[in-house]
J.: 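I am attaching a structure below and will ask some questions about it afterwards.
Computed from a prediction, not measured in an experiment: that's the story for all the values here.
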Amino acid sequence: ISALKRNGLLQALSAAGDQAKPAEESAELEKARQEWEALEDLQPVTSALPEDLNPTPVISFNEALQYFQTTDLGDLRKNIQPTVRRSGLAAIAHFLFGPPRLHRELLEERDLVFAIAQCQVDNSQSVHLRVLQTIYKRLLGCRLDCPRYGPHWENIGFQGSDPATDLRGTGFLGLMHTLYLVMDPETLPLARDIYRLSQHRTQNFPFSVMSINMTRIALQVLREEALSKECNRRQQVVGVLNDFYVATFLHLYQVWKSQQKTIAESGTVLKEVELCARKNPKQMLRRLEVFLRGPRATTSDPQAQDGSRAKELPFSPVCELPPDMEGEARLI
């Protein structure tokens with residue numbers, strides 16, 4: 001509008017009108033000119049296009065882990081319990097016949113894991129918020145950020161408007177494991193398979209709460225030193241624990257899907273998964289390795305329903321529940 005006025009276009013139109021038109025038309029031109037000038041004072045409104053919102057960049061598992069490696073967690077380390085406390089005959093039997101002890105050079109890494117499990121979500125830390133945003137985006141396949149609080153978190157299986165309230169017993173490690181699941185290219189298809197099943201009309205379950213339970217189980221198996229042999233062999237703790245978390249989630253997924261479990265049976269299923277994890281950690285890791293090496297289905301494959309793989313590892317229970325564990329348990 002300013003450019004038009006500078007070029008004298010409106011003035012020229014008005015002048016031409018005064019010469020060729022009657023007085024009433026000149027009045028209309030004057031009215032139009034005033035309206036144009038009024039429009040100049042209006043502020044332009046731009047639509048909020050996605051590319052203008054600058055969404056938070058996703059964060060990799062390694063970047064998030066590096067943040068914790070370089071953060072002072074000294075106060076949290078004081079409260080950890082990295083191994084099960086035993087006394088009397090139980091301690092002697094464990095020393096003589098139990099699993100090998102973790103190598104000394106891995107103790108610091110083990111303690112870091114348990115310190116992260118003591119850490120709570122801190123809204124002042126951008127890394128914490130990026131982890132939450134990344135999990136949400138990767139599961140739902142969206143690009144834009146979501147609010148820190150709100151019922152939308154229930155879409156990915158948290159129990160309320162604040163994911164932090166569901167992290168009892170696992171702390172931020174519960175989010176770190178989910179981050180690993182959705183960011184690793186090998187496990188992302190499995191994560192989405194599990195998420196689709198969690199949205200099933202009759203077999204639905206809270207994805208994120210179930211994932212936190214898998215972290216809780218993995219932590220307990222690590223605390224019982226049942227993963228020490230594998231950690232010593234691979235000379236790492238975090239990587240082994242990540243894989244074991246995925247292995248327990250895979251086991252739960254196969255049980256839930258093949259046996260058509262429902263949320264009403266979640267307590268029994270969780271107990272069965274925990275028992276198998278504690279009794280057969282090596283076998284569960286082996287099953288995960290075989291599963292990830294297997295062929296993957298694509299969404300265009302008519303044989304693959306709900307996006308699952310064309311050929312999944314046949315499921316067969318690796319252990320039975322003892323009579324005293326047949327009762328129900330609630331999701332944490």
J.: Looking at every heavy atom in both Leu241 and Ala218, which two are closest together, and how far apart are they?
T.: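 That would be CD1-O, 3.5 Å.
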
J.: Considering residues at least two apart in sequence or located in another chain, which fulfil the ring-ring contact (aromatic ring centres under 6.0 Å, His included) criterion with Phe114?
T.: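 In terms of ring-ring contact (aromatic ring centres under 6.0 Å, His included), with neighbours along the sequence ignored, Phe114 is linked to no residue.
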
J.: Please determine whether the number of non-hydrogen atoms from other residues, nucleotides or ligands lying under 6.0 Å from atom NZ of Lys261 exceeds 12.
T.: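 Yes - once you tally the heavy atoms of other residues, nucleotides and ligands closer than 6.0 Å, there are more than 12.
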
J.: So do the side chains of Val269 and Ser266 get within less than 4.5 Å of each other, counting heavy atoms only?
T.: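 Answer no - side chains too far apart.
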
J.: Determine, using the 4.5 Å side-chain heavy-atom cutoff (strictly less than), whether Leu140 and Met210 are members of one ILVMFWY cluster.
T.: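 Yes, Leu140 and Met210 fall within the same hydrophobic cluster.
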
J.: Can you measure from CD (Gln199) to CD1 (Ile156) and round to the nearest 0.5 angstrom?
T.: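 Those atoms lie 10.0 Å apart.
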
J.: Do Leu73 and Leu106 share a hydrophobic cluster, counting only Ile, Leu, Val, Met, Phe, Trp and Tyr and linking them when any side-chain heavy atoms are less than 4.5 Å apart?
T.: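 Same cluster.
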
J.: Given the rule in the salt bridge (Lys or Arg N to Asp or Glu O under 4.0 Å) test, do Glu274 and Lys271 qualify, once you have shown the distances and angles that lead to the verdict?
T.: CA-CA 5 Å; Glu274 183 169 0; Lys271 286 182 178 180; over 6 Å; no

J.: Under 4.0 Å between a side-chain nitrogen and a carboxylate oxygen: does that hold for Arg278 and Glu224?
T.: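 Looking at Arg278 and Glu224, the cut-off is met.
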
J.: With ring centroids as reference points, do Tyr253 and Phe291 lie under 6.0 angstrom apart?
T.: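 No.
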
J.: Does any non-hydrogen side-chain atom of Glu108 lie less than 4.5 Å from one of Leu112?
T.: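 A side-chain contact is absent here, since even the closest heavy-atom pair is not under 4.5 Å.
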
J.: When rounded to the nearest 0.5 angstrom, what distance separates CD in Glu265 from CH2 in Trp256?
T.: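 Spacing of CD (Glu265) from CH2 (Trp256) equals 7.5 Å.
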
J.: Can you check whether Asn242 reaches Val238 side chain to side chain, under 4.5 Å on heavy atoms?
T.: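 Of all side-chain heavy-atom pairs linking Val238 with Asn242, at least one is under 4.5 Å.
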
J.: Let me confirm one number: the CG-CZ distance from Leu139 to Phe207, rounded to the nearest 0.5 Å.
T.: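 CZ of Phe207 is found 5.0 Å from CG of Leu139.
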
J.: Under the rule for ring-ring contact (aromatic ring centres under 6.0 Å, His included), what residues qualify as partners of Tyr180, not counting sequence neighbours?
T.: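 Tyr180 satisfies ring-ring contact (aromatic ring centres under 6.0 Å, His included) with Phe61 only.
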
J.: Taking a hydrophobic cluster as the set of Ile, Leu, Val, Met, Phe, Trp and Tyr residues connected by side-chain heavy atoms closer than 4.5 Å, whether directly or through intermediates, do Leu65 and Val182 fall within one such cluster?
T.: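 Per the 4.5 Å side-chain linkage, Leu65 and Val182 are co-clustered.
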
J.: Are Lys137 and Asp145 ion-paired here, with the side-chain N under 4.0 Å from a carboxylate O?
T.: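 The answer is yes: the pair qualifies as a salt bridge.
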
J.: State whether the side chain of Asp166 and the backbone N or O of Gln159 hold a donor-acceptor pair below 3.5 Å, judged by distance alone.
T.: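 Checking the backbone N and O of Gln159 against the side chain of Asp166, a donor-acceptor pair under 3.5 Å is found.
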
J.: Compute whether any side-chain donor of one residue and acceptor of the other, for Asn204 and Ser198, lie under 3.5 angstrom apart.
T.: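 Side chains of Asn204 and Ser198: no pair found under 3.5 Å.
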
J.: Applying salt bridge (Lys or Arg N to Asp or Glu O under 4.0 Å), which residue pairs with at least one partner in residues 73-83 are found, sequence neighbours left out?
T.: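 Residue pairs passing salt bridge (Lys or Arg N to Asp or Glu O under 4.0 Å), neighbours aside: Asp75-Lys78.
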
J.: Is the distance between the ring centroids of His200 and Phe205 less than 6.0 Å?
T.: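 No; Phe205 has its ring centre 6.0 Å or more from that of His200.
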
J.: Verify, without hydrogens or angle tests, whether Asn155 (side chain) and His152 (backbone) share a donor-acceptor contact under 3.5 angstrom.
T.: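 Answer holds: yes.
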
J.: For Leu181, does its backbone N or O pair with a side-chain atom of Thr187 as donor and acceptor, under 3.5 Å?
T.: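 Judged by distance alone, yes, a pair lies under 3.5 Å.
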
J.: Has His128 got a side-chain atom pairing as donor or acceptor with Asp122's backbone, closer than 3.5 angstrom?
T.: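 Confirmed, His128 side chain pairs with Asp122 backbone.
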
J.: Quick one: sort the Trp153 and Tyr136 rings into parallel, tilted or perpendicular, breaks at 30° and 60°.
T.: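 The arrangement is perpendicular - the two ring planes meet at more than 60°.
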
J.: Would Leu102 and Val237 count as a side-chain contact (heavy atoms from CB on, under 4.5 Å) if you check the C-alpha gap in whole Å, the side-chain angles of each, and the deciding distance to 0.1 Å?
T.: CA-CA 9 Å; Leu102 192 67; Val237 176; 4.3 Å; yes

J.: Do you know which two heavy atoms are closest between Tyr245 and Ser211, and how far apart they sit?
T.: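 Of all heavy-atom pairs spanning Tyr245 and Ser211, the closest is OH-OG, 2.7 Å.
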
J.: Would you please classify the geometry between the Phe68 ring and the Phe172 ring as parallel, tilted or perpendicular, with 30° and 60° separating the classes?
T.: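 If you compare the ring of Phe172 with that of Phe68, the planes turn out tilted.
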
J.: Just so I know, are the side chains of Ile116 and Met176 near enough to count as touching, which here means a heavy-atom distance under 4.5 Å?
T.: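 Yes, their side chains come closer than 4.5 Å.
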
J.: Show, in sequence, the C-alpha distance, side-chain angles and deciding distance for Leu250 and Gln254, and conclude whether the side-chain contact (heavy atoms from CB on, under 4.5 Å) test is met.
T.: CA-CA 6 Å; Leu250 170 64; Gln254 292 178 324; 3.8 Å; yes

J.: Can you confirm whether Met214 sits close enough to Leu270 that some side-chain heavy atom of one is under 4.5 Å from a side-chain heavy atom of the other?
T.: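 The answer is yes, as the side chains (C-beta and beyond) meet within the 4.5 Å cut-off.
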
J.: Which pair of non-hydrogen atoms, one from Pro82 and one from Asp111, has the smallest distance, and what is that distance?
T.: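 Smallest interatomic distance, heavy atoms only, reads CB-OD1, 3.9 Å.
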
J.: Under a 3.5 Å distance rule, please check whether Arg130 uses its side chain to pair with a backbone N or O of Pro57 as donor and acceptor.
T.: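 At least one qualifying donor-acceptor pair exists.
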
J.: Quick one, Val121 and Pro163 - any side-chain contact, counting heavy atoms below 4.5 Å?
T.: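 Not touching, per the 4.5 Å side-chain cut-off.
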
J.: Could you give the distance from NZ (Lys257) to CZ (Arg196), rounded to the nearest 0.5 Å?
T.: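 Interatomic distance, Lys257 NZ to Arg196 CZ, rounded to 0.5 Å: 9.5 Å.
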
J.: If I compare all heavy atoms of Phe158 with all of Ile212, which pair ends up nearest, and what's the gap?
T.: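 Residues Phe158 and Ile212, closest heavy atoms: CE2-CD1, 4.3 Å.
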
J.: Could you tell me whether the side chain of Arg223 and the main chain of Gln81 form a donor-acceptor pair under 3.5 Å?
T.: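 Answer holds: yes.
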
J.: List the atom of Gly157, the atom of Pro206, and the distance in Å for their closest heavy-atom pair.
T.: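 For Gly157 versus Pro206, the nearest heavy atoms are O-CB, 3.4 Å.
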
J.: Which atom names give the shortest non-hydrogen contact between Leu129 and Asn123, and what distance separates them?
T.: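 Shortest heavy-atom contact: CD1-O, 3.5 Å.
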
J.: For the residue pair Leu188 and Asp184, establish whether any side-chain heavy-atom pair is separated by less than 4.5 Å.
T.: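 Counting from C-beta outward, Leu188 and Asp184 never come under 4.5 Å.
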
J.: side-chain contact (heavy atoms from CB on, under 4.5 Å) for Val127 and Thr71? Distances and angles first, verdict last.
T.: CA-CA 12 Å; Val127 168; Thr71 300; over 6 Å; no

J.: To the closest 0.5 Å, what do you measure between CD (Glu105) and CD (Gln236)?
T.: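 Answer rounded to 0.5 Å: 12.5 Å.
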
J.: Just how far is it from atom CZ of Arg138 to atom CD of Gln133, taken to the nearest 0.5 Å?
T.: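 These two atoms lie 14.0 Å from each other.
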
J.: Are the side chains of Met183 and Ile59 in contact, using a 4.5 Å heavy-atom criterion?
T.: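 Ile59 vs Met183: side chains apart.
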
J.: Would you say Gln283 and Arg286 are linked by a side-chain donor-acceptor pair, where the criterion is simply a distance under 3.5 Å?
T.: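 On atom types as modelled, these side chains do not qualify, holding no pair under 3.5 Å.
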
J.: Does either side chain, that of Ser60 or that of Asn62, offer a donor lying less than 3.5 Å from an acceptor on the other one?
T.: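 Distance-only check fails for Ser60 and Asn62.
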
